[in-house]
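Structure first, then comments.
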Amino acid sequence: MVRPASRGCVYLALLTLFAPPASQHTLRDAADHAHLLFGTAVRAQRLSEAAYASTLAREFNLLEPEDAMKWETLRPDPKSFDFSQADRIVDFAIAHGMKVRGHTLVWHRQNPPWLAEGHYTPAQLAEILEKHIKTVVRHYRGRVFAWDVINEALDEPVLGSLRSTLWYDQPGIGSAQKGTAYIERCFRWAHEADPEALLFYNEAEAETMNPKSDAVYAMVQDFRRRGVPLDGVGLEMHISNLHPDMASISANIGRFTALGVQVHITELDVSLAVGANGDPTPEDLRLQAEVYRQIATACLSHPGCTAIQTWGFTDKYSWIGSHSRGKQGAALPFDRDYFPKPAYEALRGALEQSKGH
Ligand code: 9MR
């Protein structure tokens, strides 16, 4: 795969300089070789774009709906469930022999107005949430192998404290001020709905050893001791620092897997400063590739780190651009025209060098 013209010269030079020995294998082949799930977040409305669909099916053995399983999309009104977009993605995965991670049953964002502004009592909210979790998990029973049950329940300003949310204490589902009790109830509901599904707690900025990951660790340890059905921790890995503390990231993955839970790297992207034309510098592309390589290598060095997902795969569609008002971008392994970047080669190289997982 060689990219022609325009940005092509730069990429070609970088590929030549930094690529591992030429290989006809795809990232998916390399992931299969490494016995690792390698996936990406997917937008249902893009599946009709030929280049999007063919790249997705060729390069990944795992996918996760980026937004299609959030309440905003699944729950147009209090009474009904609209599975159309999520089903499209799941059907695509099954048709192409890919596994599916579900994202996300409980979050404080992307909730529909009828829910967020509904002024429900805790008892009513508990009933609504239990029904939602059980209906969605049952709908995908046997098709979604792992769920992000709760997403980002910890706070940013006071790292490690529980975030004040609709589900916790505004007004919450009846477990306000009882720490992680509301989270535990959600895991138990999901487990009742599909005892085979792997249940994950997914968190942002808990990648390194820090107060937030300490709080996740304490919760996971407590849940495991008491038999709460939690199987894994999702570390998002939205990276904007081109020199991340890899020793800390690796130690953090290690301490979670030592508790007997799996780690999935769930939302990996490495954003770069971009100019008005959306392009990063060649040097940043090289550093970005190195970060991708190091993250893959860190995951592969822990047998309990069983999946890596990028948050999208083409720079054409990524949350980073709108989030940074166009100042950051180019965060993913494929460029806007679906040509592989140095990051792609670095990931594939790391997977190919793996002794098997
Ligand atoms: O990528 C998602 C974007 O399309 C949504 O607009 C955004 C809304 O907050 O959520 C993005 O995905 C988030 C994910 O669900 C949870 N972790 C953080 C991700 C980036 O914001």
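Just so you know, ligand 1 is whichever comes first in the structure, and atom 1 is the first atom listed for that ligand. FYI, side chains are in, hydrogens and waters are out, and symmetry mates aren't considered; it's all heavy atoms of this structure.
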Quick one, Gln288 and Tyr292 - any side-chain contact, counting heavy atoms below 4.5 Å? yes
What I want to find out is whether Arg188 reaches Glu184 closely enough, with some N-O distance under 4.0 Å, to be called a salt bridge. yes
Do the side chains of Asp315 and Lys341 get close enough for a salt bridge, i.e. N-O under 4.0 angstrom? yes
Is it true that the side chains of Glu49 and Tyr338 contain a donor and an acceptor less than 3.5 Å apart? yes
When you check the gap from the basic side-chain N to the acidic O, do Glu66 and Arg43 get nearer than 4.0 Å? yes
Of Trp107, Trp71, Trp167, the one forming a ring-ring contact (aromatic ring centres under 6.0 Å, His included) with His132 is Trp71
With a 4.0 angstrom cut-off on heavy atoms, strictly below it, pick out the residues next to ligand 1 and order them by chain and number. Glu66, Asp67, Lys70, His103, Trp107, Arg109, Gln110, Asn151, Glu152, Glu236, His238, Glu267, Trp311, Trp319
